[in-house]
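In what follows, a structure is listed as structure tokens, so that the remarks can point back to it.
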Amino acid sequence: MGERTTCLVVGGGPAGMVLGLLLARAGVEVTVLEKHADFLRDFRGDTVHPSTLQLLDELGLAEEFARLPHTKVEQVVIPTADGNTVTLGDFRRLRVRYPYIAMTPQWDLLDLLADAGRREPTFTLRMSTEMTDLLREGDRVCGVRYRTADGDTGEIRADLTVACDGRHSLARRQAGLRPREYPVPIDVWWFRLPRMPDDRPAALAPHAAPGRFAVVIPRETFLQVAYIGRKGTDAELRARGIEAFRADVAELIPEFRDRMDALASMDDVKHLDVRVDRLVQWHVDGLLCIGDAAHAMSPVGGVGINLAVQDAVAAATLLAEPLRRGTVGAAELAAVRARRLLPTVAVQTLQRAMHRGFVGPLVEGRRAGPPKPVLALVQRLPYLSVVPAYLIGVGLRPEHAPAFARRTPASA
């Protein structure tokens, strides 16, 4: 006899774990499938923005999160031609409870959410369990087939399946949902370098030069660096070798010249194929896509994880009661997209504008930094730094925990 659950979540990333936790707190039987044995993977979205910090507070998890290793980023600064910097985004100006971005390893955040979920009697997390196919009854998705790390296979039937399995979503592909893709001029190469005592910890610091730029993200014990260059050049970059790459980074960030030996080979440099896409329709009968499975985001602004979390909160808020009644239909699933479409389109439109106006010209060698009028405006009117801080840190439609999911720290 096959297994059964009310809501089956495919993918144990931020969207899947938040959705599973919230639905379980509503009393919905929910099962989350995660294909890996743990959450330990480098260079995932590690930015936890003010809106997500507020959500954790509402869920009664703020104190647990505060005990995780993390650094606080309060500003986004841009270097100027005279060697100074200008603050492009200042989170300290936001009138929110958590006026900063918390940089924390995503695996720690996911472990926190998993532990909170396990305290709910209707929550099940199955690690090392990979979806291999969708189950159907006629045109309706009614669950998935899975395979474990030991090679065992099985089926789980569900009233609703939610695809949270990322921008290469197998569930989305098998459901026949195809995203609209938008042109992207960049790719990203991630690596880490040692952190020194005098490294500035409170700001995201871009470094720009014609043809490339880098963003340095401060972590507790190391610096995480995003090296941004032209799309489609990974093979060329790797063919040049680690010595050439070290020289490129040292030229771009001279203060790192004495620590470039930390990169032993190009194996220490991880390539991210940047994509921006969005589904026209986020659901078919019995299946809903949210997070990156519905809309892949550029790393510009680091907002992907937070938009995915907001999708999950909206989905739980709108679908908990229909799931309890057993009446989730097309109208309820369409309502999730309707609620989340505006902030998604707004962020992607902003990212694409930044690709055209700043990032693209820079990596193509047509510009060595941000447009001068933008820098002049921000220097003249520094309070404008609250605008990008709000768009990045809070967004157009921040979601809050529904009443059924709220807890005080003691009860959580």
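These numbers were taken from a predicted model, which means no experiment stands behind them.
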Where [X] and [Y] come nearest, the two heavy atoms and their spacing:
X: Phe123; Y: Ala114; answer: CE2-O, 4.2 Å
X: Val274; Y: Pro299; answer: CG1-CD, 3.5 Å
X: Phe404; Y: Ala316; answer: CZ-O, 3.7 Å
X: Gly360; Y: Pro185; answer: CA-CG, 3.9 Å
X: Pro322; Y: Glu332; answer: CG-CG, 3.9 Å
X: Leu279; Y: Cys289; answer: CD1-CB, 3.9 Å

Under a 3.5 Å distance rule, please check whether [X] uses its side chain to pair with a backbone N or O of [Y] as donor and acceptor.
X: Ser265; Y: Asp267; value: yes
X: Thr6; Y: Val30; value: no
X: Arg178; Y: Arg173; value: yes
X: Gln351; Y: Val300; value: yes
X: Thr129; Y: Met127; value: yes
X: Arg25; Y: Leu59; value: yes
X: Glu120; Y: Thr122; value: no
X: Arg172; Y: Ala293; value: yes
X: Gln224; Y: Arg192; value: no
X: Thr132; Y: Arg145; value: yes

Tell me the salt bridge (Lys or Arg N to Asp or Glu O under 4.0 Å) pairs involving residues 271-281, sequence neighbours left out?
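Checked against salt bridge (Lys or Arg N to Asp or Glu O under 4.0 Å) - neighbours excluded - the pairs reaching residues 271-281 are Lys231-Asp273, Asp273-Arg275.
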Salt bridge (Lys or Arg N to Asp or Glu O under 4.0 Å) contacts touching residues 103-116 (sequence neighbours left out)
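Output for this query lists Asp115-Arg118.
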Glu321: partners by side chain to side chain donor-acceptor pair (under 3.5 Å), with sequence neighbours left out:
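Counting only residues at least two positions away or on another chain, Glu321 forms a side chain to side chain donor-acceptor pair (under 3.5 Å) with Arg324.
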Pair Ser385, Arg93: side-chain N/O donor-acceptor within cut-off below 3.5 Å
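There is such a pair (donor and acceptor under 3.5 Å, judged by atom type) between the side chains of Ser385 and Arg93.
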Would you tell me whether Tyr98 and Asp57 have side-chain atoms, one donor and one acceptor, within less than 3.5 Å of each other?
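The answer is yes; a qualifying pair exists.
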What do the steps show when you test Thr52 against Asn306 for side chain to side chain donor-acceptor pair (under 3.5 Å), and what is the final call?
CA-CA 6 Å; Thr52 303; Asn306 298 281; 2.5 Å; yes
Taking ring-ring contact (aromatic ring centres under 6.0 Å, His included) as the definition, give me every residue that meets it alongside His355, ordered by chain and number, with sequence neighbours left out.
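Not a single residue meets the ring-ring contact (aromatic ring centres under 6.0 Å, His included) criterion with His355.
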Please list, chain by chain and in numerical order, all residues satisfying ring-ring contact (aromatic ring centres under 6.0 Å, His included) with Phe65, sequence neighbours excluded.
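Checked Phe65 against ring-ring contact (aromatic ring centres under 6.0 Å, His included); matches are His70.
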Just to verify, what does Arg238 make a salt bridge (charged side-chain N to carboxylate O under 4.0 Å, His left out) with, not counting sequence neighbours?
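Checked Arg238 against salt bridge (charged side-chain N to carboxylate O under 4.0 Å, His left out); matches are Asp234.
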Does anything in [range] pair up under ring-ring contact (aromatic ring centres under 6.0 Å, His included), and if so which pairs, sequence neighbours excluded?
range: residues 11-34; value: none
range: residues 273-294; value: Trp282-His295
range: residues 142-182; value: none

Heavy-atom distance under 4.5 Å between the side chains of [X] and [Y], does that happen here?
X: Glu137; Y: Arg157; result: yes
X: Pro194; Y: Leu223; result: no
X: Arg126; Y: Ile156; result: yes
X: Leu109; Y: Ile305; result: yes
X: His400; Y: Val313; result: no
X: Val347; Y: Met297; result: yes
X: Asp38; Y: Trp107; result: no
X: Phe39; Y: Leu113; result: no

Please output the side-chain donor-acceptor pairs of residues 8-24 that fall under 3.5 Å, not counting sequence neighbours, one pair per line with the distance.
none

For atom [atom1] of [X], decide whether the heavy atoms of other residues, nucleotides or ligands shown that lie under 6.0 angstrom number more than 12.
X: Asp152; atom1: CG; result: yes
X: Arg325; atom1: CZ; result: yes
X: Glu155; atom1: CD; result: yes
X: Arg230; atom1: CZ; result: no

Quick one: [atom1] on [X] to [atom2] on [Y], what's the gap to the nearest 0.5 Å?
X: Asp165; Y: Asp292; atom1: CG; atom2: CG; result: 10.0 Å
X: Arg97; Y: Leu53; atom1: CZ; atom2: CG; result: 11.0 Å
X: Gln310; Y: Arg339; atom1: CD; atom2: CZ; result: 9.5 Å
X: Ser169; Y: Met131; atom1: OG; atom2: CE; result: 7.0 Å
X: Ile392; Y: Ser51; atom1: CD1; atom2: OG; result: 11.5 Å
X: Leu307; Y: Arg397; atom1: CG; atom2: CZ; result: 12.5 Å

Looking at residues at least two apart in the chain, or sitting in another chain, which of them share a side chain to side chain contact (heavy atoms under 4.5 Å, CB included) with Leu350?
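Side chain to side chain contact (heavy atoms under 4.5 Å, CB included) check on Leu350 returns Met354, Leu391.
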Side chain to side chain contact (heavy atoms under 4.5 Å, CB included) against Leu193, all qualifying residues, sequence neighbours excluded:
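Side chain to side chain contact (heavy atoms under 4.5 Å, CB included) check on Leu193 returns Phe191, Val225, Phe256, Arg259, Met260, Ala262, Leu263.
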Within 45 degrees of the ring normal and closer than 6.0 Å to the centroid, is that where the cationic atom of Arg195 sits relative to Phe222?
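Negative - Arg195 is either too far from the ring of Phe222 or too far off its axis.
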Option from Arg246, Arg257, Arg212 for which salt bridge (charged side-chain N to carboxylate O under 4.0 Å, His left out) with Glu251 holds
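Among Arg246, Arg257, Arg212, the one that satisfies the salt bridge (charged side-chain N to carboxylate O under 4.0 Å, His left out) with Glu251 is Arg212.
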Please walk me through it: do Tyr227 and Phe245 pass ring-ring contact (aromatic ring centres under 6.0 Å, His included)?
CA-CA 10 Å; Tyr227 180 93; Phe245 185 77; 5.1 Å; yes
Could you go step by step and tell me if Ile228 and Val363 meet the side-chain contact (heavy atoms from CB on, under 4.5 Å) rule?
CA-CA 8 Å; Ile228 295 95; Val363 299; 4.1 Å; yes
